[in-house]
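See structure below.
Within every chain, numbering begins at 1; the chains are lettered A, B, ... in the order of the sequence lines, protein sequences first and strands thereafter.
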Protein chains: 2
Amino acid sequence: MGTRRVTMRDVAEASGVSPATVSFVLNDVTEQHILPATQERVRAAARELGYVPHAIAKALREGSSRIVLLALPQGIRGPGLDAYTRGLDDELARHGHVLLVRHGSPLHGGLESVVASVAPRAVIDLSGLYQDEAAVAADGPVTTNDGGWVDGLAAHTLVQLRHLVDAGHTSVAVALPEDPGWARLAAVRLGFARQAAVRLGLAEPVVLTVPRDRAAAIQAVRDLRRDHPGVTAVASFDDAVAMQLLAALHGLGVTVPDELAVIGFDAVEYGSFATPALTSVHIDAGAYGQRAARTVLGLEPPADPPAGATVVVRESV
Amino acid sequence: MGTRRVTMRDVAEASGVSPATVSFVLNDVTEQHILPATQERVRAAARELGYVPHAIAKALREGSSRIVLLALPQGIRGPGLDAYTRGLDDELARHGHVLLVRHGSPLHGGLESVVASVAPRAVIDLSGLYQDEAAVAADGPVTTNDGGWVDGLAAHTLVQLRHLVDAGHTSVAVALPEDPGWARLAAVRLGFARQAAVRLGLAEPVVLTVPRDRAAAIQAVRDLRRDHPGVTAVASFDDAVAMQLLAALHGLGVTVPDELAVIGFDAVEYGSFATPALTSVHIDAGAYGQRAARTVLGLEPPADPPAGATVVVRESV
DNA sequence: AGTTCTCGCCCGTCCATGATG
DNA sequence: ACATCATGGACGGGCGAGAAC
């Protein structure tokens, strides 16, 4: 119980040297020449005593902890983001850092106070991607040190639309969620979709906002089909929107994919349980996470751009 | 750029007192009487200089940071857990603490190294709930300082089964995921379901393990119906399993809920997009999170037990 | 020159000790 | 002698430039 923690001074005493020497040995400071014999004694003592460096003391000295903070909004999820997080974590671990996630309620004074009380080595703030409409107006760069995650979304959106083109579609709609919490990201993604349409020689995509309410969603789809009868496929913001769409189309008696094709984004597993099973875009974001890690740590990011996205072909396109 | 951070000594100098006095004032130490006029001067100086206490130094002194760490396994999600996290976060914020989440890969040496480098005030480790089968064997108490979250699951499982009983079912099955990552929690939940069955006067529930693979899932359901024709309802481990089940039943041409009713757990939004829309159990875990926060902070947890779960009635039961 | 040590620093906390009226 | 108000400085644990052997 009351056993005080083992400090460097304990190790120093046990091995008959000064704390400074212990520090040099345990940190492999090459500028400082320590007799191999001494090194051995120090290491042995450290091992025997079970010395563990005190992270807080180290952080005080170094000015920041070895934590990297990933700020995410509440309730934002998805396979792609999971992969991103994993890639980030792995690469950080490789360099002795730890990834901690802050699922930020915008309450609580926001990030600053958290950053102040954690003193992380770096912060990757993705919460700007998911702001309410008020914040959407001021659209500067969404985020910077994300390792290209947001830029990657552009490429992935291209993959999504290209699949529709490859399936023979020439006039498509883009389905966006109604939720204001997604407004910022929805706007970003819509921009990417427009760019992709241009590159693919498609007509300007029709925008379909899908309401939460089931009846309203059905109405929205009905309107789309009436106003834009030429549209034969819908590229969805994500799989949740796609599945809402599928449900609405089922309600309307529209067959998928024959009368209207639907493709999701960021393939979730449960998409395969829909009827028809949802075709979607699988995003392997691990490489982006790794890039982000190297960026925030000030290391050279890998030259080769990350691998992109692939289409998970099921039944809805 | 090179502006050194503002320290307590700067504030002391600016207000003509010693650092000690600044500390007493800013921390509202009542044992130490400081002239109100002096207090005002100190506070004014702190405000003007934009003094922010250095969290790491404080942590070094206090022995631990004001971080509470929530350890979760990779990829574990759900509305209930979200609510739990939010309740936890809110209550911690109310007491000047910060919740940080560690989405732990069991690699990276696990929690210990993270704890060592973060020195959190407390750790709530829910990762034990989601271990592989090897770890399942040694089933001690799953977790302790979770504010009753796990115990709550027992109550919620009772709500789930009770809904089936209220709908007139007398012989039910429990659907569990095949994924070994869920084995531990599945075992726990199955235990709760058995207890609930006893309390409700139901027969011992039949266990249905639902394979990932679609064809295999269909086969499993077919077997269930052949071997246990008396079973008229299935209580699912979670909504994902329930939706798999729905898909399999659709494939078999079994009508839901007439021939077989299905109820999910931890109502996800996309359950409403299934056909038929999935009836599920909504878990309001905020109060559990709050309890957990108070527990780990050493405060008195609220006497009244948290509100339970409610059934989201849609179409599948 | 080759090794090792002394000592101040990082910054906030709080006990023991003053200073003042 | 006695509150009341304020301060010096050790401490937590690791680091590393410069001094010392």
Identify the pairs formed between an N or O of the protein and an N or O of nucleotides 2-9 of chain D at a distance under 3.5 Å, and give each distance.
from: D/dA6; atom 1: OP1; to: B/Thr38; atom 2: OG1; distance (Å): 2.6
from: D/dA6; atom 1: OP2; to: B/Leu35; atom 2: N; distance (Å): 2.9
from: D/dA6; atom 1: N7; to: B/Gln32; atom 2: OE1; distance (Å): 2.9
from: D/dA6; atom 1: N6; to: B/Gln32; atom 2: OE1; distance (Å): 3.2
from: D/dT7; atom 1: OP2; to: B/Ser18; atom 2: N; distance (Å): 2.9
from: D/dT7; atom 1: OP2; to: B/Ser18; atom 2: OG; distance (Å): 3.3
from: D/dT7; atom 1: OP2; to: B/Thr21; atom 2: OG1; distance (Å): 2.6

Quiz item: Listed in order of residue number, which residues of residues 48-68 of chain A have a non-hydrogen atom at under 4.0 Å from DNA chain C?
Solution: A/Leu60, A/Arg61
Quiz item: Roughly, in whole Å, what's the span from CD in A/Glu40 to P in C/dT4?
Solution: 13 Å
Practice problem: Nearest 0.5 Å please: distance from the CG atom of A/Asp284 over to the CZ atom of A/Arg86. | Solution: 9.5 Å
Exercise. For this output row, return yes or no: ring centroids of A/His156 and A/His282 closer than 6.0 angstrom.
Key: no
Practice problem: Could you tell me the separation between the OG atom of B/Ser65 and the CD1 atom of B/Ile56, rounded to the nearest 0.5 Å? | Solution: 9.5 Å
Quiz item: In terms of side-chain geometry, is the basic nitrogen of B/Glu91 or B/Arg294 positioned less than 4.0 Å from the acidic oxygen of its partner?
Solution: yes
Practice problem: Write down the distance between CG (A/Asp10) and P (D/dG13), rounded to a whole number of angstrom. | Solution: 9 Å
Quiz item: Given atom CE of A/Met8 and atom C1' of C/dT4, what is their separation to the nearest angstrom?
Solution: 14 Å
Quiz prompt | Interatomic distance, A/His103 atom NE2 to B/Asp82 atom CG [nearest 0.5 angstrom] | solution = 8.0 Å
Quiz item: Between B/Glu62 and B/Arg121, is there a side-chain N and carboxylate O pair less than 4.0 Å apart?
Solution: yes
Exercise. May I ask you to decide whether B/Arg43 forms a salt bridge with B/Asp28, counting only side-chain N to carboxylate O separations under 4.0 Å?
Key: yes
Self-check item: N or O in side chain of B/Asn27 less than 4.0 angstrom from C/dG12 OP1/OP2
Solution: no
Quiz item: Could you go step by step and tell me if A/Arg102 and B/Asp89 meet the salt bridge (Lys or Arg N to Asp or Glu O under 4.0 Å) rule?
Solution: CA-CA 10 Å; A/Arg102 164 88 192 142; B/Asp89 197 10; 3.3 Å; yes
Practice problem: For C/dT13, take OP1 and OP2 only and decide whether either is under 4.0 Å from a side-chain N or O of B/Ser23. | Solution: yes
Quiz prompt | Closest-nucleotide ordering on DNA chain D, the 5'-leading residue of A/Val29 and A/Arg5 | solution = A/Arg5
